[in-house]
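Following: one structure in structure tokens, then a few remarks.
In what follows, every chain begins at residue 1, and chains take the letters A, B, ... in the order their sequences are listed.
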2 protein chains.
Amino acid sequence: MEMSQALAALGALAQDTRLAVFRFLVEAGPEGVTVGRIGEALDVAPATLSFHLKELSRAGLIANRQQSRFIWYSANYETMNGLIGYLTENCCKGQPEVCGIDCALQKKPTASRGKKVCA
Amino acid sequence: MEMSQALAALGALAQDTRLAVFRFLVEAGPEGVTVGRIGEALDVAPATLSFHLKELSRAGLIANRQQSRFIWYSANYETMNGLIGYLTENCCKGQPEVCGIDCALQKKPTASRGKKVCA
DNA sequence: TCCATAATTCTATATTTATGGAAATATAAA
DNA sequence: TTTATATTTCCATAAATATAGAATTATGGA
């Protein structure tokens with residue numbers, strides 16, 4: 001992941017409504033949830049929710065598909081994993097003896113950087 | 001991790017200078033780096049760097065210790081892992097068959113929530 | 001076609017955040 | 001004690017972001 005995308009993702013998640021929406025979608029699974037149901041579940045006004053969904057989309061953290069009158073939003077797990085990899089990249093210089101066993105998995109230039117948490 | 005702390009951490013990381021500082025410290029390891037060396041390495045003015053270090057500290061993402069005239073800042077790996085766990089919590093309802101094998105490790109109420117990436 | 005519903009865009013206002021020069025504080029060496 | 005270095009705080013300005021009412025677009029049912 002590039003810094004600009006990581007920044008966009010972090011900025012998108014650094015807001016209470018958006019963080020709640022993202023976690024709600026992460027938990028909901030690949031099928032996703034309609035805008036109406038999200039707003040209902042989290043008690044957010046339509047215009048406000050739309051604004052935040054747009055922000056999460058722009059950051060690549062969520063995706064959507066239209067089905068009839070409804071728009072289903074779902075989490076983009078690939079971006080989530082990319083962000084985690086970006087944050088932990090080269091952790092402790094990849095010296096597991098320094099900071100813990102899992103660090104060995106965090107070295108930089110592997111095929112897909114960082115640890116994969118969820119496909 | 002509580003939402004308020006996750007929000008603070010995400011907000012702290014959602015800024016280019018701070019993200020660069022944090023990653024620099026993650027890579028530097030537990031010993032840390034002095035303010036002067038950070039500013040030099042990343043080319044940030046003292047007042048600006050101080051402002052950002054304060055922000056990262058407030059979020060619990062970094063810690064510091066004073067040694068003589070120097071202040072050494074280091075990454076707080078526990079907060080980093082806590083944040084990752086918070087983001088991936090209950091991923092896909094913990095159904096690995098839905099989104100990938102590692103999801104099984106992301107169920108909610110374990111002793112220390114989420115996956116530990118680096119101690 | 002007409003109407004109801006789903007969702008987004010527009011707009012104005014309020015709030016938060018970033019920047020860096022100048023001044024202040026703190027530690028240590030001369 | 002004087003001086004130099006390390007870091008922070010203060011301050012004003014500039015820029016980005018959040019909120020929600022009202023208007024708009026789009027889809028499907030009557």
Side-chain angles (χ1 to χ4, degrees), chain A residues 3-25 28 31-76, chain B residues 3-25 28 31-76:
Chain A
M3 185 185 208
S4 59
Q5 202 195 345
L7 272 175
L10 289 164
L13 293 171
Q15 202 280 338
D16 57 355
T17 300
R18 286 197 298 267
L19 182 55
V21 168
F22 180 73
R23 298 218 316 153
F24 183 67
L25 293 179
E31 185 185 77
V33 187
T34 64
V35 177
R37 282 170 63 82
I38 298 171
E40 202 177 303
L42 304 178
D43 192 28
V44 183
T48 303
L49 181 55
S50 195
F51 170 77
H52 290 308
L53 288 171
K54 196 176 172 187
E55 203 66 11
L56 286 166
S57 296
R58 202 174 55 82
L61 282 164
I62 63 176
N64 68 80
R65 71 197 149 83
Q66 178 140 11
Q67 173 148 37
S68 148
R69 256 185 300 188
F70 302 84
I71 298 180
W72 295 70
Y73 278 88
S74 55
N76 183 337
Chain B
M3 186 183 208
S4 59
Q5 201 195 344
L7 272 175
L10 289 165
L13 292 171
Q15 201 280 336
D16 55 355
T17 300
R18 288 197 296 266
L19 181 56
V21 168
F22 180 72
R23 298 218 315 152
F24 184 67
L25 292 178
E31 185 185 76
V33 187
T34 64
V35 177
R37 282 170 62 84
I38 298 171
E40 202 178 301
L42 304 179
D43 193 28
V44 183
T48 304
L49 181 55
S50 195
F51 169 78
H52 290 308
L53 287 171
K54 196 176 172 185
E55 203 67 11
L56 286 167
S57 296
R58 202 174 56 81
L61 282 163
I62 62 176
N64 68 81
R65 70 196 149 86
Q66 178 140 12
Q67 172 148 38
S68 143
R69 256 184 300 188
F70 302 84
I71 298 180
W72 295 70
Y73 278 88
S74 55
N76 183 338

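A heavy-atom distance below 4.5 Å is found between the side chains of A:Asp16 and B:Met3. Under the 4.5 Å side-chain criterion, counting only non-hydrogen atoms from C-beta, B:Leu13 is in contact with A:Leu10.
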TODO: Check the pair B:Ile38 / B:Val44 against side-chain contact (heavy atoms from CB on, under 4.5 Å), numbers first and verdict last.
DONE: CA-CA 8 Å; B:Ile38 298 171; B:Val44 183; over 6 Å; no
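A:Ala8 and A:Ala59 make their closest contact through O-CB, 3.5 Å (heavy atoms, listed as atom of the first residue, atom of the second, distance). Considering every non-hydrogen atom in both A:Tyr73 and A:Leu25, the closest pair reads O-CD2, 3.4 Å. Nearest heavy atom pair, residue A:Leu42 against residue A:Phe24, reads CD1-CB, 4.4 Å. Shortest non-hydrogen contact noted between A:Ala6 and B:Leu19 is CB-CD2, 4.2 Å. Residues B:Ala14 and A:Leu7 approach most closely at C-CD2, 3.7 Å, considering heavy atoms. When every heavy atom of A:Phe22 is checked against every heavy atom of A:Ala75, the shortest pair comes out as CE1-CB, 4.3 Å.
Residue B:Ile38 contributes atom CD1, which lies 8 Å from atom P of D:dT7 at whole-angstrom precision. The interatomic distance linking B:Arg37 (CZ) with D:dT5 (C1') rounds to 16 Å, in whole Å.
Within the structure, salt bridge (Lys or Arg N to Asp or Glu O under 4.0 Å) pairs that include any residue of residues 31-43 of chain A do not occur (at least two apart or interchain).
Residues of residues 6-15 of chain B that place a heavy atom closer than 4.0 Å to DNA chain C, in numerical order, are B:Gln15. Within residues 52-74 of chain B, the residues approaching DNA chain C are B:His52, B:Gln66, B:Ser68, B:Arg69, by heavy-atom distance under 4.0 Å.
Bounding nucleotides for the chain B contact on DNA chain C, 5' to 3', at a heavy-atom distance below 4.0 Å, are C:dA18 to C:dA28.
Base pairing analysis places D:dA30 opposite C:dT1; the two distances defining the Watson-Crick or G-U wobble pair are each below 3.5 Å.
In this view, A:Arg58 and A:Glu55 satisfy the side-chain hydrogen bond (donor to acceptor under 3.5 Å, both in side chains) rule, not counting sequence neighbours.
A donor-acceptor pair under 3.5 Å is formed between the side chain of A:Arg18 and the backbone N or O of A:Ala12.
Just one of A:Val35, A:Ile71, A:Leu53 meets the side-chain contact (heavy atoms from CB on, under 4.5 Å) condition when paired with A:Asn64; it is A:Ile71.
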Quick test: give all pairs of protein nitrogen or oxygen and nucleotides 21-25 of chain D nitrogen or oxygen below 3.5 Å, distance rounded to 0.1 Å.
none

